Amino acid sequence: MDEKNVKRDLNVSALCVPAKGEAGRTGDWRDFRPVIDHKKCIPSSKNKAACFLCWLYCPEGVVKMSIPVEIDMDYCKGCGICAEECPPNAIRMVREGENDG
Amino acid sequence: MADVRILTGNEAAALGVKLCRPNVVAAYPITPQSQLAEILSRYVEGGEMRAEYVRVEGEHSALTVCISASTVGARTFTATSSNGLLYMHEQLHWAAGSRLPVVMCVVNRGVGAPWSIFNDQQDSLAQRDTGWIQLYCRDNQEIIDTIIQAYWIAESLYIPVMVCYDGFVLSHTMMPVDIPDAEEVRGFLPPYKAHTLLTPEAPRTINSVLFPWRRPNPEGVLCDGYMEMRYKLQAAMTRAHGVIQKANDDFAGVFGRDHGGLVWKYRCEDAELVFSGMGSIANEATVAADLLREEGIPAGVAGVRTYRPFPREEAAEALRSAKALVVLQKGLSYGYEGCLTSDLKAALYGTPLRIPVVDVVAGLGGRDVKAREIADAGRDAWKDLQAGKQGNRSLWLNCYTGEDHAG
Ligand code: SF4
Ligand code: SF4
């Protein structure tokens, strides 16, 4: 990093403001990624705002309550909770580096 | 007209705190500090001091309250002793690492086990490396004056300050004390301005986990890592030397009393046998120095008032004419020697002064130390010097250390 052109933090104590990405791109840590089968996902298949349990349970808050459901892979940590909770088993956890299949 | 009253050390401390007008006081009573906590609660209850007195269930919480209040811009005060101070230990690091100018009186008392309520300085010495400034007082006048200076120092540097004074020897002993004028204190000590004010309008996370490296935040500002934050504390401690001296000198200018800043000297100019120590024992050594002077031994005292940051240069300067050094201390690093002995030896390293140092552990758990006993220790050191003995020595003053106690 070219430090000469970077604005420096002059705080006397360590602090941060709440902001997206404050703790870094936490998606970097992921070993498995969630892959949604939209043919099985309730909101997608019925085209209705329904279910969204993945949105509710995701500890990182990276699931978007939309049709189709979207996951922000920059910050998804791959914990698999969404896959565990999804009623029709529409989410599979796939090892990073392997194809969605 | 001067307002001189006969006060205990705790009463002097309470008046000093009142003059500094803290917004929040949180303290848990413990002997020999209790009287100080009680007087402050009475001031608040009786409307003499416009502060919030937060009652807590222990010392860890007392300091935590001060840390939180300081973060939202309050001037804070707490006080403790001995095991109460040890119970605060984690939060001591937290206050210093957050750079919050909390001021605390430590009324020095021996730590258990075995249980003791009596004086020594092991409690505050064991907090040496927490990042707090430590000032040690000799008498009750110095207590009240040092508390006022402590706020000035803490708030100039954003470093918390411990004002240490000996339990019972000072805390419960009455002496005449000249009370500084409230208006003059107001002029000397400007209002506290927090470096970061935590408010609902500007929410922040303070002291969240820092990574080993530096990294930009989402706005692209390069933020310090843990190590940089710690370096800034050390750098501020280095700056503290000048700030403590300035607090002392400015205070002397306004109130007419000079307590020596970092190191105070008594008959030191031509002294060849020099005692050193902190707090009341060093005051006692001035009487011992007079006794030895009467016998023709050129003795003096270089008293350490500021223990952290350690006044390396000031101490070496005070010892310029010394041929032998006797360090009196009420606390040690078990397995090595008295803490002050190690620090003074280190201060002399690299200077032309290569003198024998006698490490004297004294007064633990309230064991009495008389001026004539200090003089005896000094006389022995002087005799060794005359006999050409150059080695360092250690001794436990007034303590049975017979063969059958040798472990
Ligand atoms: S939990 Fe499963 S079915 Fe429900 S919205 Fe999420 S992916 Fe679709
Ligand atoms: S629940 Fe876990 S795996 Fe699923 S989207 Fe959230 S972080 Fe990713």
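Values in this document were obtained by computation on a predicted structure and should not be read as measured data. Chain letters run A, B, ... following the sequence lines, proteins first, then strands; residues in each count from 1.
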Next item on the list: Anything in residues 11-19 of chain A with a heavy-atom distance to chain B below 4.5 Å? Please list those residues in order.
Entry: A:Asn11, A:Val12, A:Ser13, A:Ala14, A:Leu15, A:Cys16, A:Val17, A:Pro18, A:Ala19
Notebook entry, point to check: Taking atom CD of A:Glu85 as the centre, does the number of heavy atoms from other residues, nucleotides or ligands within less than 6.0 Å exceed 12?
Noted result: yes
Note to self: Does atom CZ (B:Phe211) have a neighbourhood of more than 12 heavy atoms from anything else shown, all under 6.0 Å?
What the structure shows: yes
Margin query: Take a 6.0 Å sphere around CZ of A:Arg30 and say whether it holds more than 12 heavy atoms from other residues, nucleotides or ligands.
Written below: yes
Note to self: For the CE atom on B:Met227, are there more than 12 heavy atoms of other groups (residues, nucleotides or ligands in this structure) within a distance under 6.0 Å?
What the structure shows: no
Notebook entry, point to check: Which region of B:Thr196, side chain (C-beta onward) or backbone (N, CA, C, O), has a non-hydrogen atom less than 4.5 Å from a non-hydrogen atom of chain A, or is it both or neither?
Noted result: side chain
Taking distance alone, no hydrogens or angles, what donor-acceptor pairs closer than 3.5 Å link side-chain atoms of residues 125-133 of chain B to residues at least two apart or in another chain?
from: B:Gln127; atom 1: OE1; to: B:His89; atom 2: ND1; distance (Å): 2.6
from: B:Gln127; atom 1: NE2; to: B:Asp123; atom 2: O; distance (Å): 3.3
from: B:Thr130; atom 1: OG1; to: B:Gln127; atom 2: O; distance (Å): 2.8
from: B:Trp132; atom 1: NE1; to: B:Leu92; atom 2: O; distance (Å): 2.8

Note to self: Please classify the contact of B:Glu219 with chain A as side chain, backbone, both or neither, using a heavy-atom distance under 4.5 Å.
What the structure shows: side chain
Notebook entry, point to check: chain A heavy atoms under 4.5 Å from B:Tyr226: which part of the residue, side chain, backbone, both or neither?
Noted result: neither
Next item on the list: Using a cut-off of 6.0 Å, state whether more than 12 heavy atoms not belonging to A:Lys64 lie near its atom NZ.
Entry: no
Checklist line | Residue selection (most heavy-atom pairs with chain A, distance under 4.5 Å) from B:Gly220, B:Pro203, B:Ser208 | finding: B:Pro203
Item checked: B:Glu313 CD: over 12 foreign heavy atoms closer than 6.0 Å -> no
Notebook entry, point to check: Is it the backbone or the side chain of B:Ile206 that comes under 4.5 Å from a heavy atom of chain A, or both, or neither?
Noted result: both
